[in-house]
Amino acid sequence: MNYEDMLKKAVQNLPARSETRFEVPVASVSVGKRQTIIRNFSEIVKNLRRNPQELSKYLFKELAVPGESRGNELILQAKVPPSLINQRIKEYVRDFVICKECGKPDTILQKIDSYTFIKCEACGAKRPVR
Ligand SMILES: [Zn+2]
């Protein structure tokens, strides 16, 4: 076996990469006459490791719609197209979840005085969020 083959074999024997690409959870949305329900809201926040208040506050503000959480669901008091909700969740993930340095979602939010920082547990990077 020559060096190249050995190298090839070594690469094949490496354990499968455990870090699967992070996927933004997709909201399961029911649009009613006067309200819109995100059915899997608690699942989404669990997936993002954020507390429900943070994401719901963000969505109410960005969608300019009042609402409330009920059990595992988030109720929005208006008709909102599911595509718009998913767009906002993606933006939230981009701004508040994904580490800008290493691209991993293993981050936590830290509040220091009146500033909020996003801190990455994977690479240690820390930056303020707006
Ligand atoms: Zn990082």
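Both counts, for ligands and for their atoms, begin at 1 and track the order of listing. Note that the coordinates shown come from a computational prediction; the quantities given were computed from them, not determined experimentally. Quick note: numbers below take in every heavy atom, side chains included, and nothing from hydrogens, waters or symmetry partners.
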inquiry  = Listing by chain and number, which protein N, O or S atoms are under 2.8 Å from the Zn ion (ligand 1)?
reply    =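 Those protein N, O or S atoms (cut-off: under 2.8 Å from the Zn ion (ligand 1)) are Cys99 SG, Cys102 SG, Cys120 SG, Cys123 SG.
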
query = Are the charged groups of Arg49 and Glu121 less than 4.0 angstrom apart, N to O?
reply =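 Result for this pair is yes, salt bridge flagged.
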
inquiry  = Is there a side-chain hydrogen bond (donor to acceptor under 3.5 Å, both in side chains) between Arg50 and Thr107? Walk through the geometry before answering.
reply    = CA-CA 9 Å; Arg50 288 292 176 270; Thr107 57; 2.8 Å; yes

query = For Ile75, which fellow cluster members are found when Ile, Leu, Val, Met, Phe, Trp and Tyr are connected by side-chain heavy-atom distances below 4.5 angstrom, either directly or through intermediates?
reply =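 For the cluster that includes Ile75, the remaining residues are Ile37.
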
ask   = Do other residues, nucleotides or ligands put more than 12 heavy atoms under 6.0 Å from the CD atom of Gln53?
value =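 More than 12 heavy atoms, drawn from other residues, nucleotides or ligands, come within 6.0 Å of this atom.
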
Where Gln77 and Gly67 come nearest, the two heavy atoms and their spacing =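 So the minimum-distance heavy-atom pair works out to CG-CA, 4.2 Å.
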
query = Out of Leu74, Val97, Ile44, Ile38, which residue meets the side-chain contact (heavy atoms from CB on, under 4.5 Å) rule with Leu55?
reply =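 Passing option: Ile44.
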
